[in-house]
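What follows is a set of notes on a single structure, which appears directly below.
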Amino acid sequence: MLMKYDHLDISPHVFKTDMWHNFQESPIMGLLWLLVTITLVDGDLFSSASRMATVVTVEEKLIREALDYVDKEQLRLAEIRKLIKQIHRERGHAVNDPKEYVNHPVQSFQLLRRFRRQWIGLKNYVSLNNNDQAYLSKAAALENSPGYPKEDDYIDGAKIILKLQDTYKLNTSLIGDGVITTRQPKAPPLLAEDCYELGIHAWNASSPEYVKQWMEEGLLRLRSDKPSEYDHYVGEVNILHQISASLYKQGFISEAIDIAKQILEIDPWNTAALDRKTVYEEQLRIMQASDPDSNEATMALCRNDNTYIKKKWRKQHKRSLYCHFTHYNRPRLFIRPAKVEVLNKKPPVIQFHDILTEKEMAFIKKTAEPHLSQSRVTIKTKDENTSIKPDQRKSSIAWMNIHQSHSLRSILPRVEDYTGLSTQENHTEYLQAAHYGVGGFYKQHFDDMTDEDSAGYEGLGKRIATVLFYMNDVPEGGGTVFPRAGVRASPIKGSAVFWYNFLKNGKRDRESLHAGCPVLMGTKWAANLWILEYGQVFRRKCGLSPDDVY
């Protein structure tokens with residue numbers, strides 16, 4: 001027996017099983033279908049006009065649900081058709097001559113990208129939407145076949161494009177348009193997604209100049225009149241983040257800030273862009289605070305270029321600098337006086353010799369070594385600390401609670417005797433041990449990067465002073481220089497360099513700008529002890545006038 005529905009002949013068995021299979025994914029449809037089925041079983045339904053009218057209403061709902069289902073299916077199929085069209089455009093003549101097709105590096109890269117992005121994306125799309133097990137099982141079988149490209153193959157393809165570009169100095173825009181040389185046929189143009197991926201691989205290869213080029217090319221394609229259907233995968237904000245980071249890495253800090261501002265115009269609450277802007281502006285402020293030729297001065301001091309030093313700082317170097325023994329009227333130093341070398345008077349930069357014992361230095365190095373990690377520079381603001389890993393510093397560091405260490409606790413009263421500042425708990429930060437390999441350095445910076453009006457380190461005030469310990473003799477290089485003051489401290493084992501970061505009037509001492517010179521030979525072990533403002537109110541009193549700064 002057949003039930004006639006317009007022009008379709010549907011047997012009851014097929015109708016029940018197929019319709020249930022198609023509608024089972026929709027809870028509403030399943031409920032309505034069950035309602036109709038149960039209602040039809042009721043023998044009194046046919047003779048009740050009011051109840052039959054309800055059935056008509058239910059059928060209307062079924063029709064609407066069925067049409068909605070069909071519309072959604074058509075949308076899903078339309079998305080898949082878009083993908084197939086995109087792939088057909090890129091493939092071109094691949095079917096006619098596969099070997100000739102893959103001879104072009106751009107086409108080879110696009111082929112690998114389609115396998116690792118579009119085809120896997122389609123599989124995930126089907127799995128999430130209609131879960132067609134027949135298609136998914138066939139796709140899984142092909143993925144496990146020998147010729148199916150893996151993610152590493154795609155990464156290698158991107159590296160090869162970048163290698164060709166770097167070796168033959170190929171133009172980024174031309175590669176993006178599918179042109180390698182004029183002697184080869186033109187490949188289909190790259191997508192914004194492709195440019196973004198190439199930029200990411202350039203970043204991983206530490207080639208910031210190519211990062212910027214590829215990200216800008218991707219941005220142009222994304223903003224074009226006819227972007228690819230799949231370029232929304234990248235997103236303008238993601239590209240701008242990479243451009244900003246690459247500009248910063250190349251030293252173009254103002255430009256990096258401008259890009260971060262562009263991101264905030266698109267997304268005012270983008271936390272990554274806000275963090276970048278804060279960090280970059282602080283770095284720019286530090287750079288602008290130094291003399292225009294401070295980099296040149298830093299390098300001259302690191303080389304110990306006497307000609308340059310005498311020419312630039314001839315007045316300072318006429319001052320009477322000296323070495324002496326002193327007890328600072330401290331009982332402990334009457335027996336073992338401090339060995340003091342005055343490197344500069346204004347601002348005061350002092351080098352204390354033999355302040356650490358062999359046993360203490362060995363303990364610090366042995367304890368710190370297993371915990372060393374790559375240095376990060378922390379920018380402190382009123383609301384939060386932002387830690388970054390820029391090209392500002394190349395070293396490894398470890399933190400040690402000097403107040404809780406029985407082996408190191410004796411250093412603190414010694415530092416207090418030498419400097420006159422309190423080193424009680426909460427009056428200093430933890431000891432920071434630092435190891436610099438060959439080429440290790442720290443670019444010019446201020447030790448305290450807080451706002452001058454802020455509460456400083458954990459509410460305990462700013463880093464009012466620095467004690468920098470040297471724990472080995474460095475064969476060549478590795479000194480500490482102050483480019484604005486014209487001062488150079490040599491890394492002498494067991495010694496420590498002491499200076500103030502703030503003036504007596506509470507303002508940052510701009511002369512305290514300093515840098516760690518690159519290690520030319522050997523390695524360098526150092527340790528920083530930062531003395532905090534809290535607890536020093538009677539140790540380093542304010543001047544009687546704003547001009548009384550030292």
When you measure from the side chain of [X] to the backbone of [Y], do you find a donor-acceptor pair of N or O atoms at a distance under 3.5 Å?
X: His435; Y: Leu372; value: no
X: Asn472; Y: Lys493; value: no
X: Ser246; Y: Ile243; value: yes
X: His514; Y: Lys443; value: no
X: Asn501; Y: Arg463; value: yes
X: Thr367; Y: Ile364; value: no
X: Gln107; Y: Pro188; value: no

* To do: Mind checking ring-ring contact (aromatic ring centres under 6.0 Å, His included) for His201 and listing every partner two or more places apart, or none if nothing turns up?
  =>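 So His201 forms no ring-ring contact (aromatic ring centres under 6.0 Å, His included) with any residue.
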* To do: Only counting residues at least two apart or in another chain, list the ones meeting ring-ring contact (aromatic ring centres under 6.0 Å, His included) with Phe109.
  => Tyr154
With rounding to the nearest 0.5 Å, note down the distance linking [atom1] in [X] to [atom2] in [Y].
X: Leu301; Y: Glu296; atom1: CG; atom2: CD; value: 10.5 Å
X: Arg484; Y: Asp509; atom1: CZ; atom2: CG; value: 9.0 Å
X: Asp267; Y: Leu240; atom1: CG; atom2: CG; value: 11.5 Å
X: Ile257; Y: Gln262; atom1: CD1; atom2: CD; value: 13.0 Å
X: Tyr280; Y: Ser244; atom1: OH; atom2: OG; value: 4.5 Å

Does one side chain, of [X] or [Y], offer a donor that lies under 3.5 Å from an acceptor on the other?
X: Gln165; Y: Trp214; result: yes
X: Trp530; Y: Thr466; result: yes
X: Tyr210; Y: Asp166; result: yes
X: Arg488; Y: Ser490; result: yes

* For atom NZ of Lys365, decide whether the heavy atoms of other residues, nucleotides or ligands shown that lie under 6.0 angstrom number more than 12. => yes
* Lys163 NZ: over 12 foreign heavy atoms closer than 6.0 Å ->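 Open: at most 12 neighbouring heavy atoms sit under 6.0 Å from NZ of Lys163.
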Hey, are [X] and [Y] close enough for a salt bridge, meaning a charged N less than 4.0 Å from a carboxylate O?
X: Lys212; Y: Glu216; value: yes
X: Arg303; Y: Asp305; value: yes
X: Glu281; Y: Lys277; value: yes
X: Arg113; Y: Glu197; value: no

* Asked: Looking only at heavy atoms, what is the nearest atom pair of Leu222 and Glu236, with distance?
  ->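 Reported closest heavy-atom pair: CD2-N, 3.5 Å.
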* Asked: Which heavy atom of Lys462 sits nearest a heavy atom of Phe502, and at what distance?
  -> CD-CZ, 3.3 Å
* Asked: Run the side chain to side chain contact (heavy atoms under 4.5 Å, CB included) check on Trp399 and Glu429 step by step: do they pass?
  -> CA-CA 9 Å; Trp399 293 88; Glu429 293 186 28; 4.0 Å; yes
* Taking only residues two or more places apart in sequence, or in another chain, which ones meet Glu217 in a side chain to side chain donor-acceptor pair (under 3.5 Å)? ->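 Partners of Glu217 under the side chain to side chain donor-acceptor pair (under 3.5 Å) test: Ser173, Arg221.
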* To do: Report yes or no: is the cationic atom of Lys524 (NZ for Lys, CZ for Arg) under 6.0 Å from the centre of the six-membered ring of Tyr470, at an angle within 45° of the ring normal?
  =>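 No, Lys524 does not sit over the ring of Tyr470.
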* May I ask you to establish whether Arg508 and Phe446 are in a cation-pi arrangement, using a distance under 6.0 Å from NZ or CZ to the six-membered ring centre and at most 45° from the ring axis? =>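 Output yes; distance and angle both within limits.
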